[in-house]
Amino acid sequence: MLAVGQTETVTYVVTKHDTAHGLSAEWQDGRYQDAYIDVFATIRMIALMELACGRMLERIQAADELSVGVEVNVRHLAPTPVGATVTTTATYLGNDGKFHRFRVEAFDPGGRIGEGEHTRAIVTVERLLAGAQKRLMSR
């Protein structure tokens with residue numbers, strides 16, 4: 001059982017791989033490689049926020065279930081350099097049917113770098129994989 005106000009925290013040290021520039025290099029799209037710099041990428045911040053929420057939901061999942069993100073509404077407020085530690089915290093806001101809502105925040109040593117809300121749903125692995133396969137076959 002999850003209680004409203006319950007929290008989960010994830011701590012992570014930013015690497016070059018987690019930066020906007022590092023990700024653009026991974027995409028191997030030379031047009032944009034110089035358009036980004038080595039600061040913590042928004043998509044990595046969101047991933048850490050989702051991870052904190054997902055870890056909290058593991059407590060109520062059955063063995064054949066996992067949680068998936070269904071909505072993200074966050075603001076990235078400040079840049080974080082490589083080597084800094086980022087801490088994300090998810091606070092459980094409750095559920096609305098199958099949807100579980102969270103307040104999410106991210107901090108580095110200088111203070112808050114992100115905030116917002118995230119919604120997840122618990123689904124069976126089988127149903128998720130079947131849905132993905134169906135989308136592949138619908139082309």
Side-chain angles (χ1 to χ4, degrees):
M1 179 64 83
L2 293 178
V4 171
Q6 192 169 341
T7 63
E8 180 74 35
T9 299
V10 172
T11 301
Y12 183 79
V13 177
V14 176
T15 69
K16 186 169 175 67
H17 178 76
D18 302 309
T19 68
H21 183 259
L23 288 169
S24 69
E26 273 185 36
W27 297 327
Q28 298 178 354
D29 189 340
R31 295 176 299 164
Y32 299 108
Q33 202 156 6
D34 293 331
Y36 301 104
I37 59 175
D38 283 324
V39 294
F40 194 45
T42 303
I43 60 175
R44 290 290 203 226
M45 180 186 74
I46 292 169
L48 289 178
M49 290 171 163
E50 287 200 55
L51 181 60
C53 298
R55 284 185 178 173
M56 191 180 311
L57 288 178
E58 287 175 359
R59 299 172 191 150
I60 62 170
Q61 291 170 199
D64 66 338
E65 294 177 327
L66 54 80
S67 70
V68 294
V70 296
E71 185 176 0
V72 177
N73 183 8
V74 300
R75 296 185 316 145
H76 196 167
L77 305 170
T80 300
V82 171
T85 298
V86 171
T87 301
T88 60
T89 300
T91 304
Y92 190 63
L93 299 177
N95 69 308
D96 183 13
K98 68 177 184 175
F99 299 109
H100 297 269
R101 296 180 309 104
F102 301 87
R103 169 89 178 134
V104 289
E105 299 174 287
F107 299 88
D108 68 12
R112 184 187 315 268
I113 63 164
E115 63 186 11
E117 291 193 10
H118 178 48
T119 303
R120 297 185 74 76
I122 295 175
V123 299
T124 64
V125 172
E126 182 179 323
R127 180 173 175 237
L128 182 68
L129 292 176
Q133 188 63 35
K134 183 178 177 184
R135 294 187 60 76
L136 182 63
M137 304 307 269
S138 67
R139 291 207 247 166

task = Compare every heavy atom of Val86 with every heavy atom of Val14, then report the nearest pair and how far apart it is.
result = CG2-CG2, 3.6 Å

ask   = Are side-chain heavy atoms of Leu66 and Val123 found at a separation under 4.5 Å?
value = yes

query = Could you give the distance from CG (Leu93) to NE2 (His118), rounded to the nearest 0.5 Å?
reply = 11.5 Å

key: salt bridge (Lys or Arg N to Asp or Glu O under 4.0 Å) contacts touching residues 66-77 (sequence neighbours left out)   = Arg75-Glu115

inquiry  = Is it the case that the side chain of Arg103 and the backbone of Gly116 share a donor-acceptor pair, with hydrogens and angles ignored and the cut-off at 3.5 Å?
reply    = yes

query = If you round to the nearest 0.5 Å, how far is CD1 of Ile43 from CD of Glu50?
reply = 11.5 Å

Atom pair OG1/CD1 of Thr88 and Ile113 - distance to nearest 0.5 Å = 9.0 Å

request  = Flag the pair Lys16 / Asp38 as yes when at least one side-chain heavy-atom distance between them is below 4.5 Å, and no otherwise.
outcome  = yes

request  = Drop me the distance from Asp108's CG to Phe40's CZ, to the nearest 0.5 angstrom.
outcome  = 9.5 Å

remark   = Residues Ala3 and Tyr92: closest non-hydrogen pair is O-CD2, 3.6 Å

query = Are Val72 and Val10 co-members of a hydrophobic cluster defined by side-chain heavy atoms under 4.5 Å apart?
reply = yes

More than 12 heavy atoms of other groups within 6.0 Å of Arg112 CZ = yes

query = Quick one: are Val39 and Thr19 in side-chain contact, heavy atoms under 4.5 Å?
reply = no

inquiry  = Working to the nearest 0.5 angstrom, can you tell me the gap between His76 NE2 and Arg44 CZ?
reply    = 13.0 Å

Taking only distance into account, with no hydrogens and no angle test, what donor-acceptor pairs under 3.5 Å do side-chain atoms of residues 53-63 form with protein atoms, sequence neighbours excluded?
from  : atom 1 : to    : atom 2 : distance (Å)
Arg59 : NH2    : Glu8  : OE1    : 2.3
Gln61 : OE1    : Ser67 : N      : 3.4
Gln61 : NE2    : Glu65 : O      : 3.2

message = Using 0.5 Å steps for rounding, measure from the OG1 atom of Thr91 to the CZ atom of Phe102.
response = 9.5 Å

inquiry  = Do Val125 and Asp64 have side chains that approach each other closer than 4.5 Å (heavy atoms only, starting at C-beta)?
reply    = no

Single-linkage hydrophobic cluster Leu51~Ile46, side-chain heavy atoms < 4.5 angstrom = yes

ask   = So if you build clusters from Ile, Leu, Val, Met, Phe, Trp, Tyr with side-chain heavy-atom gaps below 4.5 Å, do Leu129 and Ile122 land together?
value = no

